[in-house]
Amino acid sequence: MKNRKVRVRFAPSPTGPLHIGGVRTALFNYLFAKKNNGDFILRIEDTDQTRFVEGAEDYIVEALEWCGLKFDESVKNGGNYGPYKQSERKEIYRQFADKLLESGNAYIAFDSPEELDKLRKDYEAQKLIFTYNAEIRNSLTNSLVLTENEVKRRMDSGDPYVIRYKMPENTTIVMNDIIRGEVKVNSSTLDDKVLFKSDGMPTYHLANVVDDYLMEISHVIRGEEWLPSLPLHVCLYDSLGWKDAMPEFAHLPLLLKPTGNGKLSKRDGDKMGFPVFPLFWPHGETARGYREDGYFPDAFVNLLALLGWNPGTEQEIFTLEQLVELFSLERVNKSGARFDPEKAKWFNHQYMQLKSNEEIACLFKKELEKKAVEISLEKLITIVGLVKERIGFVSELWEQSWFFFNSPETYDQKIVEKKWKEETPGILQGVVNLLQEINNFERDNLEIEFKAYLEKNEIGFGQVMNAFRLCLTGGATGPDLFSIVSVIGKEETVNRINLALEKIK
RNA sequence: GGCCCGUUCGUCUAGUGGACCAGGACGCAAGGUUUUCAUCCUUGAAACAGGGGUUCGAUGCCCCUACGGGCUACCA
């Protein structure tokens with residue numbers, strides 16, 4: 001079914017914090033929708049009541065909001081196809097399960113989880129694999145073998161039962177994936193999946209097909225871990241008579257661990273020292289997040305976009321709008337992408353340089369308030385401009401600029417030994433005298449006056465600058481020294497030299 | 001085990017049969033800039049998993065093998 005309105009959904013399960021793989025799936029859905037003037041929908045898939053986690057739904061919404069991904073329809077802002085939470089759509093699903101029952105595409109099964117579990121173990125003991133399929137379904141307890149009356153009697157007496165899909169035998173199921181092309185599988189390798197659970201809830205398989213149909217979803221864009229259940233879903237569309245309305249599918253490559261094997265999982269972050277979640281997760285076992293680690297949301301989105309997709313050019317920095325403009329599913333890779341925390345930092349550094357000094361200064365000001373440091377925004381903007389290129393995160397600003405606010409209390413002993421010579425105190429005394437004479441503390445003027453003074457007195461630049469820096473910052477690193485002097489001013493500069501002359505022997 | 005998907009520098013990737021002794025980025029190394037450190041700039045090392053085909057010609061197409069990954073629940 002071509003030429004229909006593009007409608008895509010991001011359908012997470014509220015079982016905990018959404019991890020960055022999920023965020024990327026949401027992002028690709030968003031980019032595809034917006035590129036095609038379509039709708040981006042959030043649907044909460046909470047059909048498993050046992051795995052519900054308090055706070056997860058709000059977390060998902062907040063995380064995607066932070067990323068700047070706006071939903072056209074969702075649990076929060078509604079829409080014409082609601083409700084958008086599967087637990088609130090509970091009554092909808094049964095009729096479709098019944099429809100499948102009537103058409104003979106599904107059947108009632110009474111086997112208890114315990115019985116099936118035992119069968120699995122028995123099979124395993126014989127090095128066989130138990131599969132609830134055509135080969136075996138006639139020897140189990142279900143409506144295919146029980147009489148109609150017996151089935152009715154059991155159901156009426158409240159026996160728990162599930163509804164299973166009756167997978168056709170020996171049929172080639174041909175599917176098309178936008179990213180992978182044609183995929184074929186023989187139905188005999190598949191099992192009779194449960195569609196409707198004994199607790200009255202549908203499983204993911206039934207619910208997602210029904211909801212995608214009802215919500216007129218045009219494209220299903222999800223992780224590769226769903227590829228194995230695509231045949232079932234395709235069969236379901238067929239059996240329900242919805243073949244013409246079936247969405248197109250695109251299965252995204254997985255995000256892999258930075259080191260070792262396997263897909264990125266929720267535990268990897270703490271183990272490997274980088275966040276796997278967009279935001280801090282405050283419940284139970286807490287976990288750090290990109291937002292709290294100081295990543296800019298646009299940098300975060302940018303780095304995620306380039307995991308498994310690229311525009312084919314050498315450009316690497318993109319605004320969300322540019323990503324929308326350039327995105328296409330055809331340019332999504334097939335193979336899994338290993339997540340690289342180092343490159344993530346590089347992205348943030350790039351964005352740091354792109355941001356205005358004022359924007360960074362405002363963020364820094366909030367941190368300084370916590371330290372009870374008072375300073376004008378204007379001055380802070382100057383300071384940020386001096387140290388911005390040295391940092392990747394706002395949190396690194398303090399260690400790169402503290403000496404603009406405080407005088408050093410200690411002096412790096414190694415530098416003292418190396419740079420503090422016998423003649424140093426005398427030279428610095430001369431510097432103090434010079435500074436007293438200077439009234440224009442513009443950075444460039446300071447340099448001119450200084451150079452003239454040193455030349456006149458035949459003092460080498462290196463002889464004085466290192467010791468001078470030591471007085472002002474306590475060490476041997478930092479931005480341009482004249483700029484520091486210019487910012488902290490005459491009085492403070494002189495005080496620091498005097499302090500150092502007193503303290504360093 | 002079965003089914004499915006994949007495989008270009010350490011990592012993210014460009015590459016759609018000749019433009020490729022394979023390009024970019026991160027990281028790494030060396031040099032330069034700088035009063036210092038960082039940034040920055042320049043340079044460098046670094047890859048088509050292996051084997052068979054197809055073809056005048058394969059990174060690219062086909063097959064096999066190996067390896068990696070996913071799925072295999074009344075979880076999503």
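What you see is a predicted model; the values in this text were computed from it and never measured. The sequence lines fix the lettering, A, B, ..., with proteins before strands; numbering per chain opens at 1.
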Mind checking the [atom1] distance from [N] to [M]? Whole angstroms is fine.
{"N": "B:C26", "M": "B:U43", "atom1": "P", "result": "13 Å"}
{"N": "B:G50", "M": "B:G60", "atom1": "P", "result": "10 Å"}
{"N": "B:U42", "M": "B:A25", "atom1": "P", "result": "9 Å"}
{"N": "B:G10", "M": "B:C3", "atom1": "C1'", "result": "32 Å"}
{"N": "B:U59", "M": "B:A22", "atom1": "P", "result": "12 Å"}
{"N": "B:G27", "M": "B:C41", "atom1": "P", "result": "12 Å"}
{"N": "B:C28", "M": "B:U11", "atom1": "P", "result": "16 Å"}
{"N": "B:C9", "M": "B:G44", "atom1": "C1'", "result": "14 Å"}

Mind checking whether A:His251 and A:Phe249 have parallel, tilted or perpendicular rings, split at 30° and 60°?
->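 Ring orientation, 0 to 90° scale: parallel.
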Measure the acute angle between the ring planes of A:Phe468 and A:Phe450, then classify it against the limits of 30° and 60° as parallel, tilted or perpendicular.
->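 Rings of A:Phe468 and A:Phe450: parallel, as their planes differ by under 30°.
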Nearest to the side chain of [X], heavy atoms from C-beta on, is which of [options]?
{"X": "A:Lys193", "options": "B:U13, B:C74, B:U72", "answer": "B:U72"}
{"X": "A:Asp340", "options": "B:A25, B:C5, B:U11", "answer": "B:U11"}
{"X": "A:Lys263", "options": "B:A76, B:C3, B:G70", "answer": "B:G70"}

Check every strand shown and say whether A:Val194 touches a base, only sugar-phosphate, or nothing at a heavy-atom separation below 4.0 Å.
->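 A:Val194: backbone/sugar contact only, no base atoms under 4.0 Å.
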A:Tyr161: what forms a side chain to side chain donor-acceptor pair (under 3.5 Å) with it, not counting sequence neighbours?
-> A:Arg94
Pair A:Lys451 + A:Glu447: basic N to acidic O under 4.0 Å |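 Yes.
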Whole-Å distance, A:Glu396 CD to B:U39 P, equals 11 Å
Between atom CZ in A:Arg180 and atom P in B:G69, what is the gap in whole Å?
-> 16 Å
Map A:Asn333 and A:Arg469 onto RNA chain B by nearest heavy atom, then report which one ends up closer to the 5' terminus.
->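 Here A:Asn333 is the residue nearer the 5' end.
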Any residue of residues 119-134 of chain A with a heavy atom less than 4.0 Å from an atom of RNA chain B | A:Arg120, A:Ile129
Contact residues, residues 220-233 of chain A to RNA chain B [heavy atom, < 4.0 Å] |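 Only A:Glu224, A:Glu225, A:Trp226, A:Leu227, A:Pro228 qualify.
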Is there a Watson-Crick or G-U wobble partner for B:U42 with both distances under 3.5 Å, and if so, which one is it?
->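 Base partner found: B:A30.
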Answer yes or no: does atom CD of A:Glu124 have more than 12 heavy-atom neighbours from other residues, nucleotides or ligands under 6.0 Å?
->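 Count not over threshold, so no.
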Heavy-atom check, side chain of A:Ile178 versus side chain of A:Glu330, under 4.5 Å | yes
